[in-house]
Amino acid sequence: MDRRPFPYPVVIPLMIALCALVQLAMLGQSMINGEAWAGFWIYFNPQRVYEGRYWTLLTAAFVHVHLLHLAFCMFLLWALGARLELVFGRQAVFAFIFFGAILTAGAQFALISWSGMGMLPVVFGLYGWMLPLRRRVPLFRHFLAPRMIAFLTVSLIVGLLLGLVRAWPASHLACGAGLLFGLAVSQMFSTHRLRRWAALGVPALLALLTLAGLLQAPWNHDWLVWSHLRAAEGRMDEPTRRGLADRLLASRDPERLNRLAWTLATDPQPALRDGRLALELARRACELTDWREPNLTDTLAAAHAELGQWDEAERVQRQAVELARELGSTMAIFRLNLEKIQRREKIRD
């Protein structure tokens with residue numbers, strides 16, 4: 001394992017270039033409508049994935065939250081990935097990134113309906129791949145010095161904690177899945193046959209979790225809403241709606257409640273709208289945040305509009321505009337929705 005069969009990396013520079021181009025496309029809205037473009041390649045609505053946009057589990061890895069996020073991920077992608085490519089070759093690294101991005105994003109999506117954004121799960125997968133092999137490969141040992149190991153391990157732990165408390169929109173569960181995936185891949189190069197076969201269990205379990213999250217995930221609120229609405233074709237009977245509402249309203253996660261309510265109030269597909277349920281969820285989200293979040297109030301107004309309650313929708317939307325002004329947030333989208341409501345137009349995502 002001391003040899004370097006490949007003189008220079010190719011796959012990793014291409015991945016870095018692609019991530020940079022995507023970031024430029026997101027910023028350069030004169031060429032591409034960044035919001036619409038991003039909405040196609042990274043989903044903001046889990047129901048879109050259930051409807052068939054499965055590719056977003058892969059393409060979301062190439063979209064980063066901001067330039068600092070991009071720079072951090074690209075530095076580690078180069079530092080880890082280029083060394084692995086020099087030793088194991090281009091095909092192996094390409095396959096790792098392709099399947100690693102899908103399986104780590106799919107595992108997180110199955111659990112919380114959010115695959116995350118960026119290459120960080122793949123980066124921690126590469127770290128997991130390199131870590132057990134560092135004693136056998138001088139190229140790995142020189143890079144993964146104790147300080148670098150401590151830095152990467154602490155970064156993973158901090159990311160997991162920030163993600164769990166929702167202080168940072170990190171791919172926290174996906175990063176953990178990435179580390180497990182990388183550790184399993186490293187064992188596939190072991191000389192022990194039993195260890196190699198056992199290592200196959202990790203990607204197999206991640207693949208099963210990904211498929212379950214896409215096809216049958218009764219533990220997931222987003223999937224529950226989608227499946228009930230699809231089965232009822234937009235005409236849910238009252239007992240079903242009440243039972244679903246009671247289960248969803250038990251949540252104390254305002255972001256998830258708001259996301260569900262927004263979909264139910266604004267989705268272009270009639271079969272995925274339910275204004276009454278959206279109103280309950282949006283009101284609960286506002287109560288959990290003491291009515292201080294303009295995004296949540298905006299959703300509540302959209303739910304009133306979906307039900308044709310125009311006076312109340314206008315009052316609540318004005319409240320969203322005022323909250324945004326007080327907090328120094330961008331008011332453009334809230335003003336736009338207010339104008340739509342004043343024209344008696346329902347909000348559509």
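Just so you know, these numbers come straight off a predicted model, no measurement behind them. The residues of the chain are indexed from 1 along the displayed sequence.
For the pair R90 and Y8, the cation sits on the ring face: its NZ or CZ lies under 6.0 Å from the ring centre, inside 45° of the axis.
Rounding to the nearest 0.5 angstrom, the gap separating the OG1 atom in T266 from the NZ atom in K346 is 12.0 Å. Between atom OG1 of residue T104 and atom CG of residue L209 there is a gap of 11.5 Å, rounded to the nearest 0.5 Å. Rounding to the nearest 0.5 angstrom, the gap separating the CG atom in L86 from the CZ atom in F140 is 8.5 Å. In this structure, CE on M74 lies 5.0 Å from CG on L77, to the nearest 0.5 angstrom. Rounding to the nearest 0.5 Å gives a distance of 13.0 Å between CZ of R283 and OG1 of T299. Distance check, rounded to the nearest 0.5 Å: CG of L179 to CG of L131 gives 8.0 Å.
Side chains of S186 and R134 form no contact here, defined as non-hydrogen atoms less than 4.5 Å apart. Residues L214 and L57 form a side-chain contact, since some pair of their non-hydrogen atoms from C-beta on lies under 4.5 Å apart. Side-chain contact between P294 and Q319 is absent, with no heavy atoms from C-beta onward closer than 4.5 Å. Taking 4.5 Å as the limit, every side-chain heavy atom of H221 sits out of range of all side-chain heavy atoms of S113. Side-chain contact between L257 and D253 is absent, with no heavy atoms from C-beta onward closer than 4.5 Å. Between E293 and L323 the shortest side-chain heavy-atom distance does not fall below 4.5 Å. The shortest side-chain heavy-atom distance between L70 and H66 does not fall under the 4.5 Å cut-off. By the 4.5 Å heavy-atom criterion applied to side chains, F98 and L103 are not counted as neighbours.
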Practice task
Check the pair L111, N220 against side-chain contact (heavy atoms from CB on, under 4.5 Å), reporting the backbone distance first and the verdict last.
Solution key: CA-CA 7 Å; L111 296 174; N220 189 306; over 6 Å; no

Problem - Step-by-step side-chain contact (heavy atoms from CB on, under 4.5 Å) determination, D222 to R256 - result: CA-CA 8 Å; D222 293 272; R256 173 166 288 189; 3.9 Å; yes

Practice task
Start with the C-alpha distance between I12 and I97, add both sets of side-chain angles, then the distance that settles side-chain contact (heavy atoms from CB on, under 4.5 Å), and finish with yes or no.
Solution key: CA-CA 9 Å; I12 294 300; I97 293 174; 3.8 Å; yes

Problem - M15/F62 under side-chain contact (heavy atoms from CB on, under 4.5 Å): CA gap, chis, key distance, verdict - result: CA-CA 8 Å; M15 295 297 105; F62 296 92; 3.8 Å; yes

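Take Q309 and apply the side chain to side chain donor-acceptor pair (under 3.5 Å) test, not counting sequence neighbours, and it matches H304. The side chain to side chain donor-acceptor pair (under 3.5 Å) check on R348 picks up E306, with sequence neighbours excluded. Not counting sequence neighbours, the partners of F181 by the ring pair (Phe, Tyr, Trp, His ring centres under 6.0 Å) test are F96. For E312, the salt bridge (Lys or Arg N to Asp or Glu O under 4.0 Å) partners are R315, not counting sequence neighbours. Under the rule for a ring pair (Phe, Tyr, Trp, His ring centres under 6.0 Å), the partners of H64 that lie at least two apart in sequence or sit in another chain are H69. With sequence neighbours left out, the side chain to side chain donor-acceptor pair (under 3.5 Å) criterion links D298 to Q317, N337.
When all heavy atoms of A107 and T210 are compared, the closest pair comes out as N-OG1, 3.5 Å. Annotation for P218 and R247: closest pair O-NH2, 3.1 Å, computed over non-hydrogen atoms. Nearest approach of Q23 to L67, heavy atoms of both residues: CG-CD2, 3.8 Å. Taking every heavy atom of both residues into account, L183 and G128 meet most closely at CD2-O, 3.4 Å. The shortest non-hydrogen separation linking R252 to P254 is O-CD, 3.2 Å. Counting all heavy atoms, side chain and backbone alike, Q108 lies closest to A174 at OE1-N, 2.7 Å.
When hydrophobic residues (I, L, V, M, F, W, Y) are linked wherever their side-chain heavy atoms come within less than 4.5 Å, the members clustered with L307 are L279, W291, L300, V316. Members clustered with L296: none, using a 4.5 Å side-chain heavy-atom cutoff among hydrophobic residues. Applying the under-4.5 Å side-chain rule to Ile, Leu, Val, Met, Phe, Trp and Tyr, the cluster around I347 extends to W262, W310, I341. In the hydrophobic clustering, L21 connects to no other residue, as no ILVMFWY side-chain heavy atoms lie under 4.5 Å from its own.
Cluster membership for V22 and F75, using ILVMFWY side-chain heavy atoms within less than 4.5 angstrom, is shared. V63 and L18 fall within a single hydrophobic cluster, where Ile, Leu, Val, Met, Phe, Trp and Tyr are joined by side-chain heavy atoms under 4.5 Å apart, directly or via other members. Hydrophobic clustering (ILVMFWY, side-chain heavy atoms < 4.5 Å, transitive): F334 and L338 are in one cluster. Transitive grouping of hydrophobic side chains (ILVMFWY, heavy atoms separated by less than 4.5 Å) keeps L68 and V123 in distinct clusters. Cluster annotation: W129 is connected to W78 through the hydrophobic network of ILVMFWY side chains, with a link wherever side-chain heavy atoms come within less than 4.5 Å.
A donor-acceptor pair under 3.5 Å is absent between the side-chain atoms of E85 and the main chain of P9, judged by distance alone. The backbone N or O of L264 sits nowhere less than 3.5 Å from a side-chain atom of R273 that would complete a donor-acceptor pair.
Residue pairs meeting the salt bridge (Lys or Arg N to Asp or Glu O under 4.0 Å) criterion with at least one partner in residues 318-342, sequence neighbours excluded, are R292-E326, E314-R318, E322-R325.
The aromatic ring centres of F109 and Y54 sit 6.0 Å or more apart.
Counting heavy-atom neighbours within 6.0 Å of W197 CH2, excluding the residue itself, gives a total of 12 or less.
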Residues 141-161, side-chain donor-acceptor partners within the protein, below 3.5 Å, at least two apart:
residue, atom, partner, partner atom, Å
R141, NH1, R135, O, 3.0
H142, ND1, P138, O, 3.3
T153, OG1, Y127, OH, 3.0
T153, OG1, I149, O, 2.8
S155, OG, F151, O, 2.8

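Salt-bridge check for R344 with D311: passed, with a basic side-chain N closer than 4.0 Å to an acidic carboxylate O.
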